[in-house]
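No experiment lies behind these values; they were computed from the predicted model shown.
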Amino acid sequence: MDSIIFDLDGTLWDSTAVVGEAWNSVLKAEKVQVELSQEDVKGVMGLQQKEIGQKLLPDLSGEEQQALLKQFSKVECQYLSTRGGQLFDGVEEVLKELSKKYKLYIVSNCQEGYIESFYAYHELDKHFLDFENPGRTGLTKGENIKLIMERNKLVSPVYIGDTEGDHQAAKFAGVPFVYAAYGFGEVSGFDHSIDKFEDLLGMF
């Protein structure tokens, strides 16, 4: 193994409380009679934008959903870059140790600016060499994993995530999948699993 590629939401941090506030502020400003709970937000983490709109705002047209999601994206990045999210226990210390032995990357199903907001507040970009997301490439998570592999000439990476989408993306990219069982989702299979982030130190 020469590298580790991480999912972000449910793997490195939980941003749902702050993201929920950001989204509700947009809905209130636009006079949309919907209030989202933290569980609502958690339930769509890892999905692409179109799926989020369909799941959270089913009574609105596709056009209306996309217009609101565009505002969601802008406002949540503003919130997160100044307030951050909740890092899982040990993330900073473990990343520091892992980066001494492995090349570290992030591939997340998010919009452009989201990973940058994570970096801006928590100052963890020093541990990562590259990142990718569909907001920038228009590609699926599996395709973005492959893109990171090609761009950085990775031979034997693993992917760490917490949802079935992460599992399928790793399978598509042909890399081993490590399931973050403390995260937001459940998966149908994995190569390894961890119950807390610090478990990575014992594994790698």
Side-chain angles (χ1 to χ4, degrees), residues 4-27 30 36 40-57 60-85 87 104-125 127-152 154 157 159-170 172-173 175 180 183-185:
I4 305 172
I5 308 172
F6 292 90
D7 169 52
L8 180 49
D9 295 313
T11 301
L12 295 174
W13 75 349
D14 179 351
S15 66
T16 53
V18 176
V19 168
E21 283 184 50
W23 290 3
N24 281 322
S25 75
V26 170
L27 293 170
E30 294 298 319
L36 302 172
D40 290 331
V41 177
K42 200 169 281 190
V44 297
M45 284 292 179
L47 299 181
Q48 294 214 20
Q49 293 280 303
K50 189 177 179 182
E51 296 171 295
I52 292 173
Q54 290 168 343
K55 193 165 181 182
L56 293 183
L57 305 164
L60 302 182
S61 69
E63 209 169 79
E64 290 170 324
Q65 289 172 6
Q66 290 313 302
L68 282 169
L69 286 165
K70 201 170 182 181
Q71 291 189 65
F72 281 4
S73 296
K74 182 181 176 184
V75 175
E76 77 179 45
C77 286
Q78 291 170 351
Y79 273 53
L80 289 169
S81 62
T82 56
R83 293 171 55 186
L87 293 178
L104 307 184
Y105 305 89
I106 294 176
V107 171
S108 174
N109 259 357
C110 60
Q111 74 275 18
E112 194 167 4
Y114 187 83
I115 296 172
E116 293 91 328
S117 298
F118 166 75
Y119 284 165
Y121 186 82
H122 295 288
E123 300 181 345
L124 294 175
D125 49 309
H127 301 305
F128 296 96
L129 299 176
D130 198 0
F131 67 88
E132 205 48 271
N133 58 71
R136 193 159 71 170
T137 65
L139 301 174
T140 66
K141 183 171 276 189
E143 290 168 331
N144 280 325
I145 292 172
K146 290 183 85 167
L147 181 61
I148 283 284
M149 290 168 65
E150 290 161 12
R151 195 158 70 205
N152 294 280
L154 307 183
Y159 187 67
I160 301 176
D162 66 306
T163 68
E164 181 60 21
D166 294 331
H167 173 218
Q168 294 303 323
F172 175 87
V175 301
F184 300 155

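- The shortest distance between side-chain heavy atoms of Lys141 and Phe172 does not fall below 4.5 Å.
- Here the shortest heavy-atom pairing between Pro157 and Ile5 reads CB-CD1, 4.1 Å.
- Separating the CG atom in Leu80 from the CH2 atom in Trp13 is a distance of 4.5 Å, to the nearest 0.5 Å.
- Closest heavy-atom contact between Ser15 and Asp9: OG-OD1, 3.5 Å.
- A pairwise comparison of heavy atoms in Phe128 and Leu12 identifies CZ-CD1, 4.1 Å as the closest pair.
- The structure places OG1 of Thr140 at 8.0 Å from CG of Asn109, a figure rounded to the nearest 0.5 Å.
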Next item on the list: Take Met45 and Thr163, measure what side-chain contact (heavy atoms from CB on, under 4.5 Å) needs, and give me the verdict at the end.
Entry: CA-CA 9 Å; Met45 284 292 179; Thr163 68; over 6 Å; no
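- Within the structure, salt bridge (charged side-chain N to carboxylate O under 4.0 Å, His left out) pairs that include any residue of residues 61-79 do not occur (at least two apart or interchain).
- Of the possible donor and acceptor atoms, one in the side chain of Gln65 sits under 3.5 Å from a partner among the backbone N and O of Leu60.
- Using a distance-only test at 3.5 Å, with no hydrogens or angles considered, no donor-acceptor pair links the side chain of Asn152 to the main chain of Leu154.
- For Asp162 against Phe184, the heavy-atom pair with the smallest separation is OD2-N, 2.7 Å.
- When all heavy atoms of Gly20 and Val41 are compared, the closest pair comes out as CA-CG2, 3.8 Å.
- Evaluation of the side chain to side chain contact (heavy atoms under 4.5 Å, CB included) rule for Asp125 yields Tyr119 as partners, not counting sequence neighbours.
- The CD1 atom of Ile106 sits 8.5 Å away from the CZ atom of Phe6 when rounded to the nearest 0.5 Å.
- Applying the salt bridge (charged side-chain N to carboxylate O under 4.0 Å, His left out) test to residues at least two apart or on different chains, none of the pairs has a partner in residues 43-52.
- In this structure, the side chains of Met149 and Tyr105 stay at 4.5 Å or more apart for every pair of heavy atoms.
- Atom-to-atom distance recorded for Gln78:CD and Ser73:OG is 11.0 Å, nearest 0.5 angstrom.
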Item checked: Leu8 and Asn133: CA distance, side-chain angles, deciding distance, side-chain contact (heavy atoms from CB on, under 4.5 Å) verdict -> CA-CA 11 Å; Leu8 180 49; Asn133 58 71; over 6 Å; no
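- The salt bridge (Lys or Arg N to Asp or Glu O under 4.0 Å) test applied to Glu21 returns Arg83, not counting sequence neighbours.
- Relative orientation of the Phe72 and Trp23 rings is parallel, given thresholds of 30° and 60° on the angle between their planes.
- No side-chain heavy atom of Ile148 sits under 4.5 Å from any side-chain heavy atom of Tyr159.
- Considering only residues two or more places apart in sequence or on other chains, His127 meets the ring-ring contact (aromatic ring centres under 6.0 Å, His included) condition with none of them.
- Thr82 places a side-chain N or O within donor-acceptor distance of the main-chain N or O of Tyr79, the cut-off being under 3.5 Å.
- Checked against side chain to side chain contact (heavy atoms under 4.5 Å, CB included), Asn144 has the following partners two or more places apart in sequence or in another chain: Val107, Glu132, Pro134, Thr137, Leu139, Leu147.
- The SG atom of Cys77 lies 7.5 Å from the CD atom of Glu116; values are rounded to the nearest 0.5 Å.
- Taking both residues in full, the closest heavy atoms of Gly10 and Ala180 are given as O-CB, 4.3 Å, listed atom of the first, atom of the second, then distance.
- Between the side chain of Asn24 and the main chain of Leu36, a donor-acceptor pair closer than 3.5 Å is present.
- Just one residue in the list Leu68, Leu47, Val44 forms a side chain to side chain contact (heavy atoms under 4.5 Å, CB included) with Leu56, and that residue is Val44.
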